[in-house]
Amino acid sequence: MTPRQLLGVFLGAGLIAAIAAFATVEYFSTDKQATPGPQAARPNVVLISVDTLRPDHLSLYGYPRKTSPFIDEFFREGEIWENVYAAEASTAPSIASILTGRMPQRHGVRLFYQRLGAEIPTLADLLGEHGYETAAIVSNVVLTAEAMGLDERFDHYDDFVDEREGARPIWERRASRTTDAALDWLSDHADSVRPLFLWVHYIDPHGPYRAPEDKPVEYNHEGRREIDPSRIPPYTRLANDPGDALLYIDRYDEEIAYTDREIGRLLDAWAEASLVTNTIFVLTSDHGESMTDAYRYFSHGFDIAESVMRVPLAVRRPGGSAVRLTSAVSSMDIMPSILSWLALPIPAELEGFPLGERPAEAPVPLEATNRREQARAAIVGNVKWIVRRDDKGVVRHRSLNEIPSLAPTTKSLPTKESRTEDWPENTATKALAQWIEEDNYPALIGRRENPGRKINAPKVAPGRSDREIEGLRALGYVE
């Protein structure tokens, strides 16, 4: 049962594969044969997602450091949503929700390396059916064709992650090269007779926080905030001073400023191609980062804390206005919003609503699912109702949090002492009970529906010379 149905009850109603030397993984990108379409009449669409980006670390949202000057200027006349929640606390399921307008249990991507089922339409599919030329440029290994199968949904899918993350054998691509890839595609399609849909995903603010040497700013702090390094994931832990929280914040902010510069380069190119006035731009993130606001420091994926689940959402579109909006919305609302702005049909089965049209009683769902535990929440008014289950599906904890940034609720709440025992029946708790009843957790942990594949070596773009591949090998980037 979808939130719309629940609400009714509550209210009473390819390129050739290129194989790097000594690598055992097939590397490929999909570049489908374009089908002739109508003259571009509808606006273009640019969706920019930035991995692990907290809105409260963007100067666009009032952060005192000028971390996002290019984003600030570009979206100055746009719609800024203040209370936006990711559908899930990790990249793959969250991105699937952004692209499908559905909760993770509806689209089926619950863990890393699960493919999105062919029966679930994405924004790219629907826009493609209406004549759009579609492209994706991604930089996170969990979004590669092997991992999720999203390449099948786009005319062009560039997922060549060939740079090592750090200590782990995880492959990614820095922001400058991700922008380069997007600009290469744009240069070939700026004069297309078909409207364009471009999705670009940047990974840089994701740990380990290590901006390149040519980053636009270096931040330094005064004083020291001592923390326990054992609560920081090893891959993120700083070697030079692992116990100073302020140092991590400096490095994280530098990653944001670097990504902002590269987003600015992409947006400038769009302007130089005279495409800005007829384009819908959407900037968001897959999830935030805990910093020191949760038990696990500088992390995500395990919790539904505000720091992990709140994400930015900035929109600049034809006919839009400069406004800041404070109602609670979901990242699932992005897909139906774009369809609405384009005057295209919105599938009835979506859990997302067009922005500004989510009824006050419709819960905003949040989820963090992994092999050890599952946390789920529903936000109604200014209250987040939370249920935590173990890996056997047994409810271990129920609680609620009031969210200061949202308008106060007029409904009475259980006292702090009775929150886990005195669970009232209301829109949020009914929705949570329904979602849990229909969920296949923890069965999905063992069954792993629609399995994808993790690549174990860099995914090298076609056209790399032997010398370039040899250089990657010398750096330990090619197996």
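- At least one side-chain heavy atom of D204 sits under 4.5 Å from a side-chain heavy atom of R174.
- Contacts of F74 classified as ring pair (Phe, Tyr, Trp, His ring centres under 6.0 Å), with partners at least two apart in sequence or in another chain: F281.
- Looking at every heavy atom in both residues, R173 comes nearest to D158 through NH1-OD1, 2.9 Å.
- Here the CZ atom belonging to R398 is positioned 10.0 Å from the CG atom belonging to L432, to the nearest 0.5 angstrom.
- A distance-only check finds no donor-acceptor pair linking the side chain of S285 to the backbone of S49 [under 3.5 Å].
- Legend: residues meeting side chain to side chain contact (heavy atoms under 4.5 Å, CB included) with L325, ordered by chain and number and at least two apart, are E79, W81, V323.
- Taking all atoms of both residues into account, the shortest heavy-atom contact from W435 to A378 is CZ3-CB, 3.7 Å.
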>> side-chain hydrogen bond (donor to acceptor under 3.5 Å, both in side chains) for T122 and D125? Distances and angles first, verdict last.
In response: CA-CA 5 Å; T122 67; D125 295 315; 3.0 Å; yes
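- Between the CD1 atom in I120 and the OG1 atom in T100 there is a gap of 7.0 Å [rounded to 0.5 Å].
- Proximity of a side-chain donor or acceptor of E367 to a complementary backbone N or O of P104 within less than 3.5 Å is not detected.
- With sequence neighbours excluded, the residues satisfying side chain to side chain contact (heavy atoms under 4.5 Å, CB included) with D390 are K392, V394, R396.
- Checking each of V311, I48, I80 against L283 for a side-chain contact (heavy atoms from CB on, under 4.5 Å) leaves exactly one that passes, namely I48.
- Between the side chain of Q114 and the main chain of E449, a donor-acceptor pair closer than 3.5 Å is present.
- Remark: side-chain polar atoms of D155 are paired, donor with acceptor, to backbone N or O of T134 under 3.5 angstrom.
- For F70, there are no ring pair (Phe, Tyr, Trp, His ring centres under 6.0 Å) partners, not counting sequence neighbours.
- One side chain, S68 or S59, offers a donor N or O that lies under 3.5 Å from an acceptor on the other.
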For residues 264-272, run the donor-acceptor check on the side chains, cut-off 3.5 Å, and write out each pair with its distance to 0.1 Å, sequence neighbours left out.
{"unit_1": "R265", "atom_1": "NE", "unit_2": "E262", "atom_2": "OE1", "d": "2.9"}
{"unit_1": "R265", "atom_1": "NH1", "unit_2": "D180", "atom_2": "OD1", "d": "3.1"}
{"unit_1": "R265", "atom_1": "NH2", "unit_2": "S176", "atom_2": "O", "d": "3.0"}
{"unit_1": "R265", "atom_1": "NH2", "unit_2": "D180", "atom_2": "OD1", "d": "2.9"}
{"unit_1": "R265", "atom_1": "NH2", "unit_2": "E262", "atom_2": "OE1", "d": "2.8"}
{"unit_1": "W270", "atom_1": "NE1", "unit_2": "T279", "atom_2": "OG1", "d": "2.9"}

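- Interatomic distance, CE of M332 versus CD of E351, reported as 6.0 Å (0.5 Å rounding).
- With sequence neighbours left out, the salt bridge (charged side-chain N to carboxylate O under 4.0 Å, His left out) criterion links E254 to R251.
- Other residues, nucleotides and ligands contribute only 12 or fewer heavy atoms inside 6.0 Å of the OH atom of Y295.
- Under the side-chain hydrogen bond (donor to acceptor under 3.5 Å, both in side chains) criterion, D303 pairs with R388, sequence neighbours left out.
- Looking at every heavy atom in both residues, Y258 comes nearest to A175 through OH-N, 3.4 Å.
- Under the side chain to side chain contact (heavy atoms under 4.5 Å, CB included) criterion, S90 pairs with E88, P93, F112, not counting sequence neighbours.
- Using modelled atom types, one side-chain atom of S139 and one backbone atom of I203 make a donor-acceptor pair closer than 3.5 Å.
- Sequence neighbours left out, the pairs with a member in residues 329-339 that pass side chain to side chain donor-acceptor pair (under 3.5 Å) are D333-R358.
- With respect to R106 and E349, no salt bridge is recorded, no charged nitrogen being found less than 4.0 Å from a carboxylate O.
- In this structure, the side chain of K384 engages the main chain of I304 through a donor-acceptor pair within 3.5 Å.
- With rounding to the nearest 0.5 angstrom, the CZ atom of R110 is 12.5 Å from the CG atom of N450.
- Every residue meeting the side chain to side chain contact (heavy atoms under 4.5 Å, CB included) condition with N83, not counting sequence neighbours, appears here in chain and number order: Y85, R310, T326, S405, L406.
- S94 places no side-chain N or O within 3.5 Å of a backbone atom of T91 that could act as its donor or acceptor partner.
- For the atom pair CG (L143) and CG (L150), the distance works out to 7.0 Å, reported to the nearest 0.5 Å.
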>> Between K454 and I170, does the side-chain contact (heavy atoms from CB on, under 4.5 Å) criterion hold? Intermediate values first, please.
In response: CA-CA 9 Å; K454 179 181 179 180; I170 300 293; 3.7 Å; yes
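- Evaluation of the ring pair (Phe, Tyr, Trp, His ring centres under 6.0 Å) test over residues 297-330, restricted to residues two or more places apart or in two chains, returns H206-H300, Y248-F298, H287-H300.
- Of all non-hydrogen atoms in E146 and I455, the two that sit nearest each other are CD-CG2, 3.6 Å.
- Under the ring pair (Phe, Tyr, Trp, His ring centres under 6.0 Å) criterion, H57 pairs with Y63, Y252, sequence neighbours left out.
- The two residues V161 and W171 have their closest heavy-atom pair at O-CB, 3.4 Å.
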>> Determine whether E306 and N401 satisfy the following criterion, side-chain hydrogen bond (donor to acceptor under 3.5 Å, both in side chains), listing intermediate values before the conclusion.
In response: CA-CA 10 Å; E306 287 289 292; N401 291 331; over 6 Å; no
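- Counting only N and O atoms by type, the side chains of S290 and D293 include no donor and acceptor under 3.5 Å apart.
- Contact detail for N44 and L196: the closest heavy-atom pair is OD1-N, 2.8 Å.
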